[in-house]
Structure formats: structure tokens, C-alpha cells
Amino acid sequence: MKIIIDGKEIVAEVGTSVLRAAIDSGVFIPHLCDHPDLEAVGGCRLCSVEVEGIEEVVPSCKTIVQEGMVVKVNSPKADKIRKMAMELILASHPAECTGCPKYGKCELQSMYQYMGVGPERWRMKSRTIANDDSNPLIQHLFTRCVRCGRCIRACRDLRGVKVLDFQRTKDGLRVGTDNGVSLKEAGCKFCGACIEVCPTGSIMDAIGIIKEDVSYRDSVVPCTSACPASIDIPRYIRYIKDGDFAKAIAVVREKVPFPKVLGSVCSHVCEDDCKRNELGNPISICKLKRAAAVHDHGAWKKNVKRSNPTGKKVAVIGGGPAGLTAAYYLVKKGHVVTVIEENEKVGGQCRYGIPAYRLPDELLDNEIADILEEGVQLITGAKADTPKALLEKGYDAVLVSCGTHQGTMLPLKGNDLEGVYVNTDFLKNARLSAPLAIGENVMVLGGGNVAYDCARTALRLGAKKVYIACLENTDQMTATKDEIEEGQEEGVILHSAHSFLRIVGDTKVEGVELQKVDKFYFDENRRPVIELSEGTKEIILVDNVIFAVGQKPAGTDTMGLELINNAYVKTNDNMETSMEGVFAAGDVVTGTKSVIIAIEAGRKSAEEIDKYLGGNGDISEQLVYKESPNSYIGPCPGFGDLERSKPKLLNSNIRKSSFEVVEKTFEVDTAKCEASRCLQCDLRLNITKPKLWNEY
Amino acid sequence: MGEYMICNTIPIYQEAPVSSELFKRDISKILKAISEMQVDKKYLVVNEWNKELMELLEEQTDACSNLEIITVEAKGGFVFGNATAVSKLIEGEKPIPSGMNENIPVYSVEELLGTDEKVEYIENCSGKKEVHTFEKKIKPRDILGKCDFHKKFKGMYFGYPMGLLLSSEQLDEEVELLTDYVIIFSEDDCILDSLVNITERYKNESCGRCVFGYEGTTQFYMILSDIAQKKGKNSDVELLLGLCNEMQNQSLCDIGTVAANTVVSAIHNFREEIEDHITKKICKASVCSKFTTYHIIADKCTGCNECEDTCDDDAILGKKKFIHVIDQDECVQCGACVNACDEGAIVKAGPIKPKGPKNPIPCKREVK
Ligand code: SF4
Ligand code: SF4
Ligand code: SF4
Ligand code: SF4
Ligand code: SF4
Ligand code: SF4
């Protein structure tokens, strides 16, 4: 259908408004209460136009196009009304824009600057309403509200939550909840649609939510932006909410080949940034991943993107999470990939560093099988040649990803006594079912999760009393709260804020001398400072001491690569080492980090190696059709107070005596319920952003 | 949804509850009229606090059998005169207008009764209220004739949705009664002062959803108040008329339109009285406090000194046995002293001021 606007012929779809038709074809008509995703109201009259054959000026948002319609935007009559409307709006609006948080991004500001009008001929008085920052995530600055009602329509019509409405008060009409209750009490779902559509600075993200140094998307969906692999968290959680676990897992797999492993042992930094923290506790993002992963039947496999063979060969030294991830994506890019693993089996730290009660073998094998199925070749139980030798043997590229498998010992008197172990040996042997011998009493030195892995493993191997001693106080410890709690339940005795002076004994360990720490901090040169408390020395009698104070790469010194600190492989931004064709990724570069960081490093190195081998470096895939989510989320009384679901744990007495998995997977209903707590922070990104006039 | 109808019993003016009273009076007739309507869905809107009405409805279970009763908190409001607003109630939403009254099957109680008569609540300046029933088409003079009104007539205000403020010149021009509420003004009333109150009501009743309706009525109120506060500008009357002109066409619903009609008719019929506040700085009816002055009649003052202390602004000059004088530069026209004087010597004056001494002089009369 064709209509004519200010002499220009434009094509319009049947049923659209004159305003939409104009905007869509690049003709700007001022407007404020109209929003592309919301039903038109005709309240602000900024969009007034003249239509040939109609006596009075009409609002173009409420006027439906008709064939051959002749519209005048720049007519004196329409202009007069438009200007008066804007003057009236401004007359009750704060006079100054400076200091307003919306300054420069405000539709109202942009619109009145475009129209060049001011309220001076009217009585000017703004309707002051106290700012309200008592709600989580959302701040209300209603003195700046122009009552366009967009937020109300978004909350009611777009979301179906219906907590915002017009409210009559003795000081006039305002936006708010019924009876003025808090957003939480009203049943707000904190979806942010109201923020997104507000044309002024009246409804805004709470201070600190929108960060200047990251993209808008990352500020709005902080979980995904915190995830090292950028897993589309709200999307998979939404599928779990709807009980569609197959699709949920496909979404996870678009970014990582180890959903079950991550669902069991991920450090879940995403949860630290989850917006639900502002309402209490974060979404159980990690555990939900596991809940979905146990229902993985491989439906995603049919969508896997595979390239034609390239004839290029890649060797991967070390089959941990970084190496296997890289191998997986490189194979799919058409290269021939061989993983060379020194141990009997691949898996790296996941297999030899993490105790079986957290990550059982079957689960790991299962996910590795999917990777091997793509055609990754494996050489195990063999020490790899040097990278140089591998290149000479005909490999076109080499990836060093052999991790950090050598535990470190502190220079402590008595560390050479019989019965002193390091974490890596201790945990690995336990995993190999050939545990190192321990006595009745064991002390682990260190305050991180690995210390707990060692302590809890010692308990399971039959130790009666297991101590953990560390310099940090309980709040400074790097071990997670869950670990500390579960350890305590199992009987681990914690001596936090203690310094270890020496290991006592003749030939065999007999005890450890400890002293209380008054203060432990890092000075301005970031050197640790320890202040000990006088007269608190004591000797605790133990049969074994296990160091859990860190670990570093083994065998990198003979690889002929430039190293940092004599152990870590040095790389540039493209993950290239000092030797052409040799790349490195994972803990061997970064030092011991998390599984997810290693996986992301694996992905990145696959991209870089593919590019090096002449590919495009694109390993992205879409394993499930990207549906547009249901944005009509509906009401849910008490939504803000929904409690985080906790997984069931094995009884602490049973778990002490076996390596059975401690943490149960969420049942289907629990998972659905937990997933329904998600604020679906990504939904608001689907709301159309109106263009400011200067963008036309 | 198939076809439906809504019967609304919520009055437009809480102080003129025509619909709810008529509903109570003629409940069976109205329910019968509703039951005879050929539509799928029938709704009745009632006030949730109206116990009497609720009880009556409970007795009528038969007639109410296929009638859905919607209770609302409001006891009245202009929005209940707008069908688009009332129709929102059946979706569980607030009655907020989305346009004019076009072809929406919302019926008032009077419409269902189908009479040619109109029940009217009439108020006059002394706050006296009367209820009368008139022919729908009537001359204002006949309304006046029926009322207990003995002062000099000045004007007649027909409330929402009529929005008319007539002067004595139009007493014989027939009107069609659509409002429940009429106010009669006498020469003791100031039209400007009344118009301030009327526009304040429109501002408060406006749903706030459209710029011309809400910001327009707000400007009406602010401009007219300013004039009544001696802060009027020469351009104000034209500014108001210009605003009315756009409001009449650009308001989203008829509340804004009717408010504009009211102001237009007030300016048309009483322009001089309103403009005198701006140009001559007088309030003809001595109502607007900023234009009135207080004086002590020298002949009546006994010099008792009772009044001096009642004035918080120390505007009363004098001492015992002296005729007291009000210092016009200090007086803030609060009127507190008037009642303090047992002699009735202190008076309020409009445009014509009583004569008297400039400073206190010895008193001729004796203190009783
Ligand atoms: S809301 Fe917009 S127009 Fe209002 S003060 Fe802020 S920037 Fe200026
Ligand atoms: S539910 Fe969404 S749109 Fe409604 S108030 Fe809450 S955040 Fe805003
Ligand atoms: S808060 Fe924003 S969106 Fe809501 S009515 Fe006010 S200006 Fe419009
Ligand atoms: S509420 Fe959901 S979408 Fe929002 S940050 Fe948390 S997990 Fe991510
Ligand atoms: S109270 Fe009356 S009579 Fe007494 S001094 Fe005042 S004006 Fe005069
Ligand atoms: S009117 Fe009020 S201010 Fe004036 S003289 Fe009387 S008491 Fe004083």
C-alpha cells in the first residue's frame, strides 16, 4: 500500500499506523508515548499530523494507513499542536537535564531539542516525588516521569506481570504499584522491561548495574558475561524451566563439550554475578547444568557443524580439559588430531586431581566418548616428543596443554620425612586405587579447595582425624563455603589463621608445630606479611602431612619453549609460543585455574590453530534452533522471595567411608522450580530500541 | 468475547449519587431491563462499600443469575462517565479511558430506566443542596424557579459531562440535562474563584494519560489560581483560550474536552469579571482574599483594644481609647480580627473602601 507523507511516497503495510509507516521508511515524526513494541495510546500528541480529508489534526500513532492517504507532518496546524504538547510536557518536568542519569540517552531530551521548544510561556512547576532506591535492581526517579505509560504497558501487556499501573495520589497522578507496596511485594519479576521502554530517566537500572566499560548486553546479562565460555545461560535455564532438557543441553554444548563435568565441578563465577543475588541468592546455574546434562541423549549431535578434511595434522600434548576441547573443535574443522597423554587415561586434572566423590569416572568417560566419537586419535601412557620433534615428524601444528601436575612443597623443616606427601601425588594415587599409605592422623597444609579434596580423601581412605591448617582466616580462605561446610560435616578439623613452623619427627612424621596468626596480609609490594601471636605454639601429633599449597607444570623445561618462572609456557595473545607452529593453552600457561577457564582456552587455541592452518577460525555452532522466547512471563506472587534450591547430599557418615558422589543431581521438578527463579535478564534485549531523531 | 453489556451504578459525582440512588429505588425495574437485553455476557458495576445496595442485590438472586457483579473501590469519579474506561473493569483493569465514548455498550442506570426525566443535585453558594427531578430538555430559568434561591443570580454551572457556565443572559436558552450536578452562583460568588475550584476538580479527576487532558487541566488550575492570587498576566486569558482550543480536539477522552468547554464558556460569559482581577486588580465579589482589604469603621470602634492581639502580623495600630487602624502595608488579609471585635467594627471591603483615619486618634465613644 502506498501513502504520501510530506510529498514523499512511501510503501506501508496494511494495518500499520501512519507513524510506524513513516518511521519504518525513515521519515521522522516526533513521538514519546508510542513504542514499536507496545500498543499505541495517542496520549502525547507529539506525533500529530494533518491528513487530507480530515478536518482536525490527528495523532499519527492512532491513524491507520489507507491507500493513497496524503499526510502532512510539517503543516502549521500540526506543528502548533505538537509544539504546544511538548511545551506542556516540559512545563511540569524538571528544568535542568544536567545531572540526570539519562542525560544524552533520553528520548524526551532528544525530542525537545529536535523540536526546539521550551515551556516558558506556561506555568512551570515539576511534580516532585522522592527518589526510591529501596527496590533491588531498579530505581524509581518519578519526578522525571512524563506519564507516557510505556512502562505500564510493558509490564501489563508485554510481560503480563501487571504490577505497575497509574496511581491516583493527592499530589496527582503517578506510576507505581497498587497501594504503593515494594516491587517485591507486588510480585515484580525484575525482568527490566519497564526500564527498557522508559523514554526518560524515571525508571533506571539501580546504580552499578550498567557498567561503563562493558557492552550493554554484558551489563544486562551478567551471568553470561561472567562465564569464561560465554554460555547462553538464560536461554538454557529457560529450557530447563519448561522441562526441555534436550534443548537446554544443546545450548550449553554450543560453547562447551563438558556439560556434566562443569555441572559437577565448575567454579561457577557466573553465580557471583547473577542478578538474583540482589534479591537474596543466585540461580543455581551450575547445578542446573548437571540436572539437564544427565538427560542428554545426544539430540544435539545432528546439528554439529563439520568441515571437509583439510589434510593438516595437529598434535596435542596433554589430554586435559583444554587439550580435549581444542582437539574436539579442530577435528570438526577437518584437521587430523592426535592427543598424546602421559597417563593411562585422558581427562587431566578432572581425572587425577579431582576426587571421585565429586567427579566419578563414568561421568567423565561418558563426555570424553562424545569427543572421541568425532574422530580424535589418542595415544596414552606415552611421553610425548618435544614440540620440535613433533613438527619434524610431520605435524603441522602442536598444542601444549599438559597442565600443572607437579605439587609444590614449602621449604619447611622436616619436609623430607617419611609420610610427607604433595597434593597431586596423593590425589592421583587415590584416584588410581593405589593410595599412598596414611596413618590415623593426617594434616593437610593449605586453605583452598584442593586442601579440602585432600582432607576429605584422607578421611575416605580411613584416617580417623584429619586437620587442615592454613595461614588465612576463615573469611580469607579460597575454599568455597560449601567445601568448608561439607568438610566440617564430615569431621575435618580446621586450624585457620595458623602458621606451620616445622614438621616434627626423626625419620617419620610425628607431628606439626603450629602457631596462631594475629594478622596476615599483603604489603604494598604485594609481599605477604605474617604477624604471629606470642605463646601460642603447639604441636599436633599426626602421622602424615600433605602439602596442598599449589602445583606447577611438569616437564616443560625440556620442551625448548620460552618459559615464565622456569615452568609456565609463555604465549602471546594468539596463544602462540616462542616456536612457530607451537601453541599452548590451559593451566600450563595460566597456572592452575578452573576447568571452565581451561575449556575456553581450548576453544580459543582451536580457533587460532585453525587460522594458522589456513581455516577461518570459526568454531561457533548452533546446536538448537534459536527460538524467540515467550516474553509474556505472567504473574507469580512471591517471586522475589523464592528460595534457592539446594541439592540433596549423601549422609555425612556414609560419605566419609566411600567415594560415592556426595551431591545428588536435582530431580526434574526441583530443577524446573529452580530454573523458574531466573529473572530471564536477556528478555529485555529483545525489546526494540527506538531510534533518536539524530539517528535517522 | 461475544456481545456484552455493562450497567454502571457508580456516580460521576460522589456528592451527587444519582445512579446509585436510582438503582436502589428501582432495582427490580433495572434488573428486568438488563435481563431483557440479548447479549452473551452481562456485568453490573457497583461500589464495594455500598452495603445497602449489596444486600438488595443478594435478595434478587434470580434476576442476578447470569449477571456478573464487578465491585470497585471508588465511590464516584468522572472516569465512570467514560465507556472506554468502564469497559476496562471487565478485564480486571483500572477504569482508565482510552478514547471517547464510542459505541461501547455501557449503560447508566438512567439510560436503562429510559425516562425523559433527569434527577439533579443542585448546590448554591451557601453550600445548600437540593435534589429535584426535571424534564430532560429545560430552560435554566425553570431550574432556578424550582430552587430555594433568593439571592441575585449570577451564573449556573452544569458539571461534567456538560461543562457549561451560563450567565443570566442565557437563562432562557434551552439545555439538555446530562449532568447530575449543578451549581448556582449569586452576586456574592466570584466566578474566577469558582472556576479555580472547578478546574482543580478536573485536574484531580483527569486520568493523567494524555498530555492535553492532564497537563492542560493542570495549567488551567495554575493559571487561574495565579490570577486569583494577584499574579495574573495580561496574556493569561488568551493563553487559556488557545489551550482550550487545542484541548477540545486533542484530549484523549471527553474529560479534557469538557474541562476546556467549561473554561471557554466561563471566559465567554464572564470575561470582564475575570480580567478585572488582572488589569484592575479587583475582585468584584470580594471573594478572592488577595483583592480584599480589612478596615476598622471609625464610628463603630470603641477603642477596647481587643483586636490588636489577634493579629499575628501586628497590622493593627492603636491603644486603649483610641480608634484602631489597620496598616494596609502590613495586613495579609487573613481576616482573623473580624471575629475578635464585638462591636462589628472590622469589615472586609472589595473594590469600594470605607473612609477612616490614617492613624489612631482618640475615641469619641465610650468603652461599654
Ligand atoms: S529525563 Fe530526559 S529530559 Fe528529563 S531531565 Fe532527564 S535527560 Fe532531561
Ligand atoms: S515485572 Fe518487569 S516490567 Fe513489571 S515492574 Fe517488574 S521489572 Fe518492570
Ligand atoms: S516511568 Fe517512564 S515509561 Fe513509565 S510513565 Fe513515566 S516516563 Fe513513561
Ligand atoms: S537471573 Fe538468570 S539471566 Fe539473570 S543473571 Fe541470574 S541466571 Fe543470568
Ligand atoms: S475590637 Fe473592635 S472596638 Fe475593639 S478596638 Fe478593635 S476595632 Fe475597636
Ligand atoms: S486581616 Fe489578619 S492580618 Fe489583617 S489586620 Fe486582620 S488579623 Fe491582621
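Values reported hereafter were calculated over all heavy atoms of this structure, with side chains retained and with hydrogens, waters and symmetry mates removed. Predicted model only: the values in this text are computed from it and were never measured. The sequence lines fix the lettering, A, B, ..., with proteins before strands; numbering per chain opens at 1.
Contacts between B:N204 and chain A at a heavy-atom distance below 4.5 Å involve the backbone alone (N, CA, C, O). Contact annotation for A:R121: both backbone and side-chain heavy atoms come within less than 4.5 Å of a heavy atom of chain B. For A:K162, the part lying under 4.5 angstrom from a heavy atom of chain B is the side chain only. Using a 4.5 Å cut-off between heavy atoms, A:V146 makes no contact with chain B at all. Residue B:E73: no heavy atom, backbone or side chain, is found under 4.5 Å from chain A.
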With side-chain contact (heavy atoms from CB on, under 4.5 Å) as the criterion, how do A:R168 and B:V79 come out once you've worked through the C-alpha distance, each side chain's angles and the decisive distance to 0.1 Å?
CA-CA 12 Å; A:R168 253 179 224 285; B:V79 287; 3.9 Å; yes
When you look at A:E87 and B:Q219, which way does the side-chain contact (heavy atoms from CB on, under 4.5 Å) test go after all the steps?
CA-CA 11 Å; A:E87 290 166 8; B:Q219 289 293 336; over 6 Å; no
For side-chain contact (heavy atoms from CB on, under 4.5 Å), just list the numbers for B:E93 and A:R156, CA-CA rounded to whole Å, side-chain angles, deciding distance to a tenth of an Å, and then say yes or no.
CA-CA 10 Å; B:E93 295 285 342; A:R156 306 187 90 76; 2.7 Å; yes
Applying side-chain contact (heavy atoms from CB on, under 4.5 Å), run through B:I96 and A:D165 and close with a yes or a no.
CA-CA 10 Å; B:I96 295 175; A:D165 208 343; 4.0 Å; yes
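Sparse packing is recorded around CD of A:E39, with 12 or fewer heavy atoms of other residues, nucleotides or ligands lying under 6.0 Å away. By the 6.0 Å contact criterion, CD on A:E56 is enclosed, its count of non-hydrogen atoms from other residues, nucleotides or ligands being greater than 12. Around NZ of A:K77, the count of heavy atoms belonging to other residues, nucleotides or ligands within 6.0 Å exceeds 12.
Counted by atom type alone, A:R123 and B:T218 present zero donor-acceptor pairs between their side chains at under 3.5 Å.
Exactly one residue among A:R45, A:K125, A:R127 makes a salt bridge (charged side-chain N to carboxylate O under 4.0 Å, His left out) with B:E215. That residue is A:R127.
Top candidate by heavy-atom pairs under 4.5 Å with chain A, chosen from B:S206, B:S251, B:S98, is B:S206. Interface summary for chain B: among A:G149, A:A91, A:S92, the most heavy-atom pairs under 4.5 angstrom belong to A:S92. Interface remark: of the candidates B:E246, B:K94, B:M222, B:K94 forms the most heavy-atom pairs closer than 4.5 Å to chain A.
Taking all atoms of both residues into account, the shortest heavy-atom contact from A:V41 to B:L252 is O-CD1, 3.3 Å. Residues B:F212 and A:I81 approach most closely at CZ-O, 3.8 Å, considering heavy atoms. Minimum heavy-atom separation, A:R147 to B:G208: CB-O, 3.7 Å. In plain terms, the two heavy atoms of B:Y214 and A:L173 that are nearest each other are OH-N, 2.8 Å.
Within the 4.5 Å cutoff, the side chain of B:L243 has heavy atoms near those of the A:L88 side chain.
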